[in-house]
Amino acid sequence: MTDKPRFAEASMEAMYRIFTVPEAPDSTLGKIDQKLSQNLAGFLSEHIVAVEKDLKELEQDFQESRIPETPIFVSDQADFLMEKLVAQSVHTASPSFIGHMTSALPYFMLPLSRIMMALNQNLVKIETSKAFTPMERQVLGMIHRLIFERDDAFYQKWMHEPGHSLGSFCSGGTIANITALWVARNQKLGATENFRGIQREGLFGALKHYGYNGAAVLVSERGHYSLGKAADVLGIGRDFLVSIKTDNRNKARIPELRDKIKQLQDDNIAIIGMVGVCGTSETGSVDRLDEMADIAQEIGCHFHVDAAWGGPTLFSKKYRHILNGIERADSVTIDAHKQMYVPMGAGMVVFRDPTLVSAIEHHADYIIRKGSKDLGSYTLEGSRPGMAMLLQSGLKIISRSGYEILIDQGIEKARLFADMIKADPAFELITEPELNILTYRYLPDFVRTKLATASAAETDQIVDAMNRLTKKIQKTERARGKSFVSRTTLMPEEYDRRRTVVFRVVLANPLTNHQILKDVLEEQKQIAASADCAELMAELRALCEPPALKVKAG
Ligand SMILES: Cc1ncc(COP(=O)(O)O)c(C=O)c1O
C-alpha cells in the first residue's frame, strides 16, 4: 500500500464507470481480481490457525468513524483488505482448526458463488429472482425428501405448488428455529369463530381468548441459545422456554419431560411445542426423537427437531439410524452452512405438512401476492440472496454418496480421537462422541488420583482450579496459533453436575488427520508443563498432594 493516500474522484462519470462491466480482459479490475484470487489461495493454503494479535491493536485500523468524503481507488482498498483484514482473519479452513462448527469449504464454492453475487437475485419474489425461485423450491424439496422420504407424487404435487411451501430457506439455524416456533405458536393459538388468531390479535388476546395463563416451549438444557431468542421474540418469554435436564449422554430425560408437561398442564400453560435436539452444539448429542415424537403426539403439540448440526447425518446409510424419529417431526431445522459445506448464510426449516406454513403466510400488494409462488410469503426475512444455488450445487457435485463419506469419516474420526484421549493418561474424555463432536480435558494423574477419594469440599476446590487450568491451556493454544479447540462448560453427572470447563472438538474438516489430532494432544501437554501454567499446576498440587512432612531440626 502506498504511504501517501491517493484519492479518486467523485463525479457522475466515475459513478457511471463503477456500474459498467469492464470491457478489456486486462482491465485494472481484472488484474485486481487475479491478484486477490492468488492472495486468497495463499491464505487458504496456510495451515496456521491464526497467531493471536491483540484485538486492541487490530481496532486501531478501524478507528475512523467519519464516512470518507473523497473516494479511493479499488486497488488501494483491495490492498487494505488484504493487509488489514485477510491477514488478520481466522483460518477456519485449517485442518487443525477443530474447535468450531465453521470449517473448510469445498473450493468449487468460490467460483460458483460469483454467479450469486453477480446476478444479485432477491428470493423474496419471483419478479426479482425468476429461475432462482423454482430452484430454491427444488432444494427445499430435496431436503424435505431427505428427512421425510415422501414419494414422487408428493413432491410432484407440492414442490412448486402456489400458495404453499415445503419450508423456508433462511440465513441460518437461528432464523429457522424462530420460524418453526412461529408456525407452532400461530397453529396452537390460531383463529376460531370469534377470534382472529394470534397473528392478528397478539399473544395477550390469544391467551385471554383460549383461557391460558401463559405459553411454553420445552427443550433440553443442551438446546441452542437461538431457542431462547425465539421464546423472547415470539412473546412467550425466555422463562417459559422450559429446560429439561439431560442424562449422562446429554439427552433430554424423558421422565422429567413428562413431569414438566404435567406441571405446565396443571398450571394451564399452553404448550406451543417441544424441541428435540439432533446434534447439540456443545456435545453433538441426539435426543431420543422417537420417544419425544410419541409424547408430542399424545399431548397434541408441535414437535420441532433442531437438526441444524446433525441433520446431514441422514446422508449416511450407516449412521442415519441415530436420528430415528426425525421423520415424525412437524418441522426440522437444518443448516447447509454447517455439515453441507455451503458458505455461511444458508439455513432451512422444512415442514412435514406443506400446509403448515399457512400459519405464518403474509402478503403485500406490490409483491408476494396471494396465490403466487413467491417464497417471500413464508419467510421471516425479507430480501434474501440466492444461497440455495450453492446448496443445489453441493447436492449435485458432492451428491448423497459424497456427503455420506464426509459424514462417516467425521463420526469415525471423532471415535478415533476419543480412543486416543482415553488411551492417554494425561487426558479425560468428558463426552463420548455420538456424532462428530466430543469434549475432554487435560487431567494430571495426581489430580485423577486425588479426585477418586476427595471429599465434596475438596472436589469443589479441585474442579475450580481445574477449570482455570483448562481455560488457560485453551487460551494459550489459541494464542500460539498452531491449532485450535474451543471450550465450553458442562455439568457432568460424574462430577455431581459441578460446572466443568472442557475442551470442545468438532471434527468436520475432512483434511484433519490422525497426526494433527496427535499433535493437538502433544501441544496441550506441552502447554500444561510450560511456565504459562506453572502457577495453576502448583495450586493443583497443593490441593491434591499431602504437605511434605516437616522434619524437626536438631
Ligand atoms: C443445534 C444448533 N441450532 C441452531 C444453531 C444456530 O444456527 P446459526 O448460527 O446458523 O443461526 C446452531 C449453531 O451453532 C446449532 O448448533
Side-chain angles (χ1 to χ4, degrees), residues 90 92 97-103 105 143 147 167-182 184 217-234 238 241 243-244 246 250-252 273-287 289 292 303-314 322-323 326 329 331-350 379-381 384-385 387-388 390-391 407 410 414 431 433-439 485-490 504-509:
V90 174
T92 54
F97 182 88
I98 53 171
H100 284 304
M101 290 172 163
T102 309
S103 130
L105 293 175
I143 298 302
I147 297 166
S168 291
F169 206 99
C170 53
S171 63
T174 300
I175 301 294
N177 281 339
I178 294 175
T179 308
L181 294 179
W182 183 20
V217 170
L218 297 128
V219 67
S220 94
E221 60 184 325
R222 295 264 82 81
H224 189 259
Y225 62 84
S226 56
L227 297 165
K229 294 186 196 175
D232 187 347
V233 298
L234 292 173
R238 287 176 190 254
L241 179 69
S243 178
I244 310 298
T246 50
N250 290 287
K251 296 169 187 279
M274 183 194 300
V275 182
V277 192
C278 171
T280 58
S281 319
E282 288 158 297
T283 61
S285 319
V286 182
D287 276 335
L289 302 178
M292 291 179 86
F303 180 38
H304 175 63
V305 172
D306 180 0
W309 180 254
T313 312
L314 290 167
I322 299 173
L323 276 52
I326 193 170
S331 53
V332 175
T333 285
I334 188 163
D335 263 347
H337 64 209
K338 293 192 166 77
Q339 293 211 76
M340 285 191 265
Y341 301 92
V342 165
M344 238 169 301
M348 283 160 287
V349 54
V350 285
T379 55
L380 178 58
E381 289 157 309
R384 284 182 308 110
M387 288 301 289
L390 296 179
L391 177 54
I407 291 292
T431 52
E434 188 169 16
L435 300 178
N436 52 0
I437 299 178
L438 59 80
T439 65
V485 303
S486 58
R487 64 165 202 271
T488 189
T489 304
L490 298 175
R504 166 177 171 265
V505 164
V506 184
L507 290 161
N509 186 333

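Side chains included, hydrogens not; waters and symmetry mates left out as well; all remaining heavy atoms used. Keep in mind that this is a model prediction, so the values were computed, not measured. Order of listing sets the numbers, starting from 1, for every ligand and every atom in it.
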- Query: With backbone taken as N, CA, C and O and side chain as the heavy atoms from C-beta onward, which portion of I175 lies under 4.0 Å from ligand 1: side chain, backbone, both, or neither?
  - Reply: neither

- Could you tell me whether T280 approaches ligand 1 through its side chain, its backbone, both or neither, with non-hydrogen atoms closer than 4.0 Å? neither

- Which atoms from ligand 1 have a heavy atom of N177 less than 4.0 Å away? 3 (N), 4 (C)

- Message: Suppose we measure from atom 8 (P) of ligand 1 to each protein heavy atom; which comes out shortest, and what is that distance?
- Response: G173 N, 3.4 Å

- Query: So which protein heavy atom does atom 11 (O) of ligand 1 come closest to, and at what separation?
  - Reply: T174 OG1, 2.6 Å

- Message: Could you go through L507 and I98, starting from their C-alpha distance and side-chain angles, then the distance that decides it, and tell me whether this counts as side-chain contact (heavy atoms from CB on, under 4.5 Å)?
- Response: CA-CA 6 Å; L507 290 161; I98 53 171; 4.0 Å; yes

- Item | Check: D306 N/O within less than 3.5 Å of ligand 1 N/O | yes

- Message: Are the side chains of L289 and F303 in contact, using a 4.5 Å heavy-atom criterion?
- Response: yes

- Just jot down the ligand 1 atoms closer than 4.0 angstrom to any heavy atom of G172, in number order. 10 (O), 11 (O)

- Task: Please answer whether the main-chain N or O of T333 pairs with a side-chain N or O of D306 as donor and acceptor at a distance below 3.5 Å.
- Result: no

- Atom indices of ligand 1, in the order listed, that fall short of 4.0 Å to a heavy atom of M101: 14 (O), 16 (O)

- Judging by distance only, is a nitrogen or oxygen of W309 under 3.5 angstrom from one on ligand 1? no

- Verify side-chain contact (heavy atoms from CB on, under 4.5 Å) between M387 and H337, making sure each step is shown before the conclusion. CA-CA 10 Å; M387 288 301 289; H337 64 209; over 6 Å; no

- Message: Out of the candidates L391, I143, V349, only one should pair with F169 under the side-chain contact (heavy atoms from CB on, under 4.5 Å) rule; please name it.
- Response: L391

- Using a strict cut-off of less than 4.0 Å between a Lys/Arg side-chain nitrogen and an Asp/Glu carboxylate oxygen, indicate whether R222 and E282 qualify as a salt bridge. yes

- Query: Any side-chain heavy atom of I244 within less than 4.5 Å of one from V219?
  - Reply: no

- Determine the sole option in H304, H224, K229 for which the side chain to side chain donor-acceptor pair (under 3.5 Å) test with N177 is passed. H304

- Query: How far is atom 7 (O) of ligand 1 from its nearest protein heavy atom, and which residue and atom is that?
  - Reply: K338 NZ, 3.0 Å

- Note on the structure: closest protein heavy atom to atom 6 (C) of ligand 1 is H224 CE1, 3.3 Å

- heavy-atom search around atom 16 (O) of ligand 1 in the protein gives S281 OG, 2.8 Å

- Task: Could you list which atoms of ligand 1 come closer than 4.0 Å to a heavy atom of A308?
- Result: 2 (C), 3 (N), 4 (C)

- Message: For ligand 1 and V277, I'd like to know whether there is a polar contact (N/O to N/O, distance under 3.5 Å).
- Response: no

- Query: Are D232 and R238 close enough for a salt bridge, meaning some N to O gap below 4.0 Å?
  - Reply: yes

- Contact check, M344 vs ligand 1, heavy-atom distance below 4.0 Å: no

- Query: Do any heavy atoms of G279 fall under 4.0 Å from ligand 1?
  - Reply: yes

- Message: Test your reading of the model: is there a side-chain donor-acceptor pair from E381 to the backbone of S171, 3.5 Å cut-off?
- Response: yes

- Is there a donor-acceptor pair closer than 3.5 Å between any side-chain N or O of K338 and the backbone N or O of W309? no

- Message: For the 3.5 Å polar cut-off, considering only N or O atoms, please tell me whether H337 and ligand 1 meet it.
- Response: yes

